[in-house]
Amino acid sequence: MNEHCTPLQADAEILENHEYRPWLFRMRLAAPAIASKIRPGQFVMIRSAWGNDPLLGRPLAVYDVDWDAAGQAVSLEVIYQIFGRGTKRLSQMTPGESVRIWGPLGHSFDEIPDARRIWFVAGGIGYTPFLALAKWWMGSSPYGGKTVRMDSTASINMIYGARSSDMIPPLADFRDSGIDLQLCTDDGSAGFSGRVTDLMTENWSSLPEEARPDLVVTCGPEPMLAAVSAWAGERQVRCLVSLENQMACGFGACFSCVAPIRQADGSTDLKRVCLEGPIFDAADVAWGHR
Amino acid sequence: MTARPNDTNAIVDLSVRLGRLSLRNPILVASGTFGYAREMVPFVPLADLGGIVPKTVTARPRAGNPTPRIVETSAGMLNAIGLDNDGLDHFLEHHLPWLRTVGTSIFVNIAGEDIDQFVAMATQVGRAEGVAAVELNISCPNVSHGLDLGVDPASIRTLVKRVREVCPHPIVAKLTPNVTDIVVPARAAFDAGADAVSLVNTFKGMAVNWRKRRPILANDIGGLSGPAIKPLALRMVWEVHRALPELPIIGIGGISNVDDVLEFLVAGASAVQVGTATFADPSVSGRLVDELADALKAEGVADVKSVIGTLRSNRG
């Protein structure tokens, strides 16, 4: 929730647009200037570079950055799910074509988490910010040109929830990075049978007090975020949420993407997710407030 | 300033005049699409613009509408932000002092709940220094009073007249296109002494999720903007310019490239505002200043004023 750096606009060549599933793609872009600045938790806006339709960019979290042998950032990777016309259009684009991209946008996560036992809890497409975050905090990738490393005794565990096994994206990158990953599905077709909060409760109960988490970071569909926030609140565990919302611009000009955030004086104010988020302390989010 | 065609070193005169208002060039940015300009610093050299119109201010802070506040439509978008802002006092204290330093003309766009409140706000803005013009938002489709006032010519006349009495700055009336005949409100503003009119604000529209039997916007309806409305806005600029050739016009509606700019200028606009295009191409407004000069130079035009209102009807 710290770093907010100056965004750039660029036309970026598509280096790769890989279809994981008919509804899930991974795009690699030649955007070195943005790639060298972006930090975990931040996002970019991407749209097809030509024409007026679809008109607006789509906000996508940084999934990973690729560096060359000299340590220079060369490309940026995002993962997107086809939701509507904008993401459909992106899925039809081929390497060699260009997209218009602007970023880094929003605030990144803190450089060093003030925690020792961290749980990542993700659902749906909300898993995409966590690979870079884990690699950053574990000291294996220098996002934003900054190598950080959390305490060597600190640990990261990740829970990923989906409705059913056929909705689970490829998660090999996470396992390859040494992240302890547990799956759960609503229908029990893969991993633990139940919701993420059910698995969190089961894990919690099986752990001695000193092994329980002191930080939960969550991203995914809003009902899940609200449930995870409530779960953490009941156990007095600090919880960070990465929100997403309908955005037109991504840089604070349009005032579309507001979320209800509690203020120091107890009132609730609508804050721009793009500019003041996307990461908020879960205790500050007024879930369900309209 | 004189220049010959084909003289590649010629400097094109981009300055324009609208009533009492002189602008460095005709490329402005529209209220509600440029934040308070601070947000745009990474993307646009602000001092290059002809002017900046920050987001509408109301007398008191307004939370705005619930979300979803926007939805993309074909070549455009609907918004129902609902004039989310921190109020005039906050604007004058926190935003205006910084805006004065950016080096271009600053318009202050205000919306009152009724004529008296507009006049009170204009009085306050009239005392502020470093304001190039006041733009009266009598056309926001997302708060009921804005549109009600903006469709009634008698109210527009009274409003502009009373604002002129209390506010020394040039006055621009931003009109709604949601009327049968755009010349009627434009004439009302002109008769009452407006320095210019901004044509047009957004068109009322809606988007529907038929499976849920619900409108997509939390506010049900919103204002349509973007390239989809350009032909509608262009037609209105042309109609007003033909009926009221002495009334300076700021053209707005789907402008996203230099051809769009020149189409509005020849149709009768003395300046334009770039709006929704900024969301899809954050740096576009700054680039358009250079591209306008280049396009005019390529045509052998030395002064942008010489193209304004030069469109001729095919019907004689």
Side-chain angles (χ1 to χ4, degrees), chain A residues 4-11 34 37 44-59 83-87 89 100-105 222 243-260 267-276 288-290, chain B residues 29-44 54-56 61-86 216-218 222 225-228 230 254 256-257 260 275-284 286-287:
Chain A
H4 180 86
C5 54
T6 306
L8 309 162
Q9 178 179 339
D11 284 348
I34 296 172
K37 294 176 93 174
V44 292
M45 294 288 285
I46 297 180
R47 72 178 295 263
S48 51
W50 310 111
N52 290 323
D53 195 49
L55 181 66
L56 302 172
R58 297 297 186 266
F83 278 109
R85 297 183 307 137
T87 41
R89 175 78 191 100
R100 180 177 296 150
I101 175 172
W102 55 101
L105 300 166
E222 189 173 313
L243 298 182
E244 63 169 356
N245 211 332
Q246 292 280 351
M247 286 179 191
C249 68
F251 47 83
C254 73
F255 287 71
S256 305
C257 63
V258 295
S267 66
T268 297
D269 198 10
L270 295 171
K271 294 292 182 191
R272 287 168 283 182
V273 168
C274 68
L275 207 61
E276 301 182 53
H289 176 97
R290 300 264 300 171
Chain B
V29 288
S31 183
T33 63
F34 212 71
Y36 298 99
R38 271 181 230 263
E39 298 86 345
M40 302 308 302
V41 168
F43 301 108
V44 178
K55 189 166 167 52
T56 295
R62 277 178 65 94
N65 290 325
T67 57
R69 289 175 166 189
I70 58 147
V71 56
E72 188 179 273
T73 56
S74 297
M77 62 177 277
L78 287 161
N79 89 79
I81 307 295
L83 301 185
D84 177 342
N85 81 105
D86 291 328
I216 293 173
L217 293 173
S225 64
K230 194 190 93 179
S256 46
N257 60 53
D260 295 340
T276 299
T278 291
F279 298 156
D281 184 0
S283 63
V284 66
R287 295 199 318 266

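Naming convention: chains lettered A, B, ... in sequence-line order (proteins, then strands); numbering from 1 in each chain. Atom set for the values below is all heavy atoms of this structure, side chains included, hydrogens, waters and symmetry mates excluded. All figures in this text were calculated on a predicted structure; none of them were measured in a lab.
Contacts of B/Phe34 with chain A are made by backbone atoms alone, with heavy-atom separations under 4.5 Å and no side-chain atom involved. With a threshold of 4.5 angstrom between heavy atoms, B/Asp281 approaches chain A through its backbone and through its side chain. Using a 4.5 Å cut-off between heavy atoms, B/Thr73 touches chain A through its backbone atoms (N, CA, C, O) alone.
Using modelled atom types, one side-chain atom of A/Arg100 and one backbone atom of B/Ala280 make a donor-acceptor pair closer than 3.5 Å. Side-chain atoms of B/Thr56 never come within 3.5 Å of backbone atoms of B/Leu83 as a donor-acceptor pair (strictly under, hydrogens ignored).
With chain A as partner, the option from B/Pro61, B/Gly76, B/Gly226 having the largest number of non-hydrogen pairs under 4.5 angstrom is B/Gly76. Most heavy-atom pairs under 4.5 Å with chain A: of the set B/Ile70, B/Thr33, B/Val41, this distinction falls to B/Ile70. Counting heavy-atom pairs closer than 4.5 Å to chain A, the top residue among B/Pro282, B/Pro42, B/Gly32, B/Pro227 is B/Pro282. Counting heavy-atom pairs closer than 4.5 Å to chain B, the top residue among A/Asp53, A/Leu55, A/Asn52, A/Asp269 is A/Leu55.
With contacts defined as side-chain heavy-atom distances shorter than 4.5 Å, the pair A/Met45/A/Leu105 qualifies.
Here the options are B/Lys55, B/Arg62, B/Arg69, the test is side-chain hydrogen bond (donor to acceptor under 3.5 Å, both in side chains), and the partner is B/Asp84; only B/Arg69 passes.
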Could you tabulate the donor-acceptor pairs under 3.5 Å formed by side-chain atoms of residues 243-256 of chain A, not counting sequence neighbours?
from, atom 1, to, atom 2, distance (Å)
A/Asn245, ND2, A/Cys257, O, 3.4
A/Asn245, ND2, A/Val258, O, 3.0

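Looking at residues two or more places apart in sequence or on another chain, you find a side chain to side chain donor-acceptor pair (under 3.5 Å) between B/Ser283 and A/Gln9, B/Arg287.
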